[in-house]
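Numbers for residues simply follow the sequence, beginning at 1.
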Amino acid sequence: QVQLVESGGGLVQAGDSLRLSCTASGRTFNGASLGWFRQAPGRERQCVAAFMLSGTSAYYLDSVKGRFTIARGNAENMVYLQMNSLKPDDTAVYYCATTTIGLITVRAQDYEYWGQGTQVTVSS
């Protein structure tokens, strides 16, 4: 079992930055892939960034390319999502999720473990 906890969300203005953290406990990330998803009210959950923890390449949703960066922290059990130049359309609950599938996947159903989510609200 892996337990994930997100933190770092909040209310910011357009153009501001936030860094979301995902902390794992239990089995930690051990050779897994990790994704950051978001879900706004009335909309489907979508993957905004994903990577394999042992690799260097990453996936980004087109609308966040150049603004968001997914990265592993110095501690083995932490992953970050750096979000710059935030826009009102980025408002959503953000979730981190991990899977033992050995590839980068953007499908929510491929992820086995999820955090509880952290709210990001961007005002115009």
Query raised in the report: Does a sphere of radius 6.0 Å around CD in Gln1 hold more than 12 heavy atoms from other residues, nucleotides or ligands, not counting ones at 6.0 Å or beyond?
Result: no
Requested in this report: Starting at CD of Glu44, measure out to CD of Gln39 and round the result to the nearest 0.5 Å.
Outcome: 8.5 Å
Requested in this report: Supply the atom-to-atom distance Thr69 OG1 to Leu81 CG, rounded to the nearest 0.5 angstrom.
Outcome: 8.0 Å
Report task. Identify the heavy atoms of Tyr111 and Ala50 that sit nearest to each other, and give their distance. Result -> OH-CB, 3.7 Å
Query - Derivation of the side-chain contact (heavy atoms from CB on, under 4.5 Å) call for Cys22 and Leu34 - result: CA-CA 10 Å; Cys22 178; Leu34 187 132; 4.3 Å; yes
Query raised in the report: Do you know which of Val122, Leu86, Asp90, Thr118 makes side-chain contact (heavy atoms from CB on, under 4.5 Å) with Leu18?
Result: Leu86
**Report entry** pair Val120-Arg38: side-chain heavy atoms closer than 4.5 Å
**Finding:** no
Query raised in the report: How close do Ala58 and Phe51 get, heavy atom to heavy atom, and via which atoms?
Result: CB-CB, 3.9 Å
Query raised in the report: What closest approach, in Å, do Ile104 and Tyr59 show between heavy atoms, and which atom pair accounts for it?
Result: CG2-CB, 3.8 Å
Query raised in the report: Is a side-chain donor-acceptor pair under 3.5 Å present for Glu112 with Thr99?
Result: yes
**Report entry** Working for side-chain contact (heavy atoms from CB on, under 4.5 Å), residues Gln82 and Asn84
**Finding:** CA-CA 7 Å; Gln82 178 68 41; Asn84 299 328; 2.9 Å; yes
Requested in this report: Kindly say whether Ala24 contributes a backbone atom to a donor-acceptor pair with the side chain of Asn77 at under 3.5 angstrom?
Outcome: yes
Query raised in the report: Do the ring planes of Trp114 and Phe37 sit parallel (below 30°), tilted (30 to 60°) or perpendicular (above 60°)?
Result: tilted
Report task. Mind checking the CG-CH2 spacing from Leu20 to Trp36? Nearest 0.5 Å is all I need. Result -> 5.0 Å
**Report entry** Ile70 backbone acceptor or donor facing Tyr60 side chain under 3.5 Å
**Finding:** yes
**Report entry** Test log, rule side-chain contact (heavy atoms from CB on, under 4.5 Å), inputs Thr91 and Gln119
**Finding:** CA-CA 8 Å; Thr91 296; Gln119 176 71 46; 4.1 Å; yes
Query - Considering all heavy atoms, the nearest Ala14-Ser124 contact - result: CB-CA, 4.4 Å
**Report entry** Heavy-atom pair of closest approach, residues Asp110 and Arg107
**Finding:** OD1-NH2, 2.8 Å
Query raised in the report: If you measure from SG on Cys96 to OH on Tyr113, what distance do you get to the nearest 0.5 Å?
Result: 13.5 Å
Requested in this report: Show your working on side-chain contact (heavy atoms from CB on, under 4.5 Å) between Val79 and Thr98 and close with a plain yes or no.
Outcome: CA-CA 11 Å; Val79 173; Thr98 188; over 6 Å; no
**Report entry** For Tyr95 against Gly115, the heavy-atom pair lying closest together
**Finding:** CD2-O, 3.6 Å
Query raised in the report: How far does CD of Glu6 sit from CD of Gln116, to the nearest 0.5 angstrom?
Result: 4.5 Å
Report task. Could you grab the distance from atom CG of Asp16 to atom OG of Ser85, nearest 0.5 Å is fine? Result -> 9.5 Å
Query raised in the report: Where do Lys65 and Asp62 land on the salt bridge (Lys or Arg N to Asp or Glu O under 4.0 Å) test, with the steps shown first?
Result: CA-CA 5 Å; Lys65 283 181 181 177; Asp62 282 348; 3.1 Å; yes
Query raised in the report: Given the rule that I, L, V, M, F, W and Y join up when any side-chain heavy atoms are under 4.5 Å apart, are Val93 and Met83 in one cluster?
Result: no
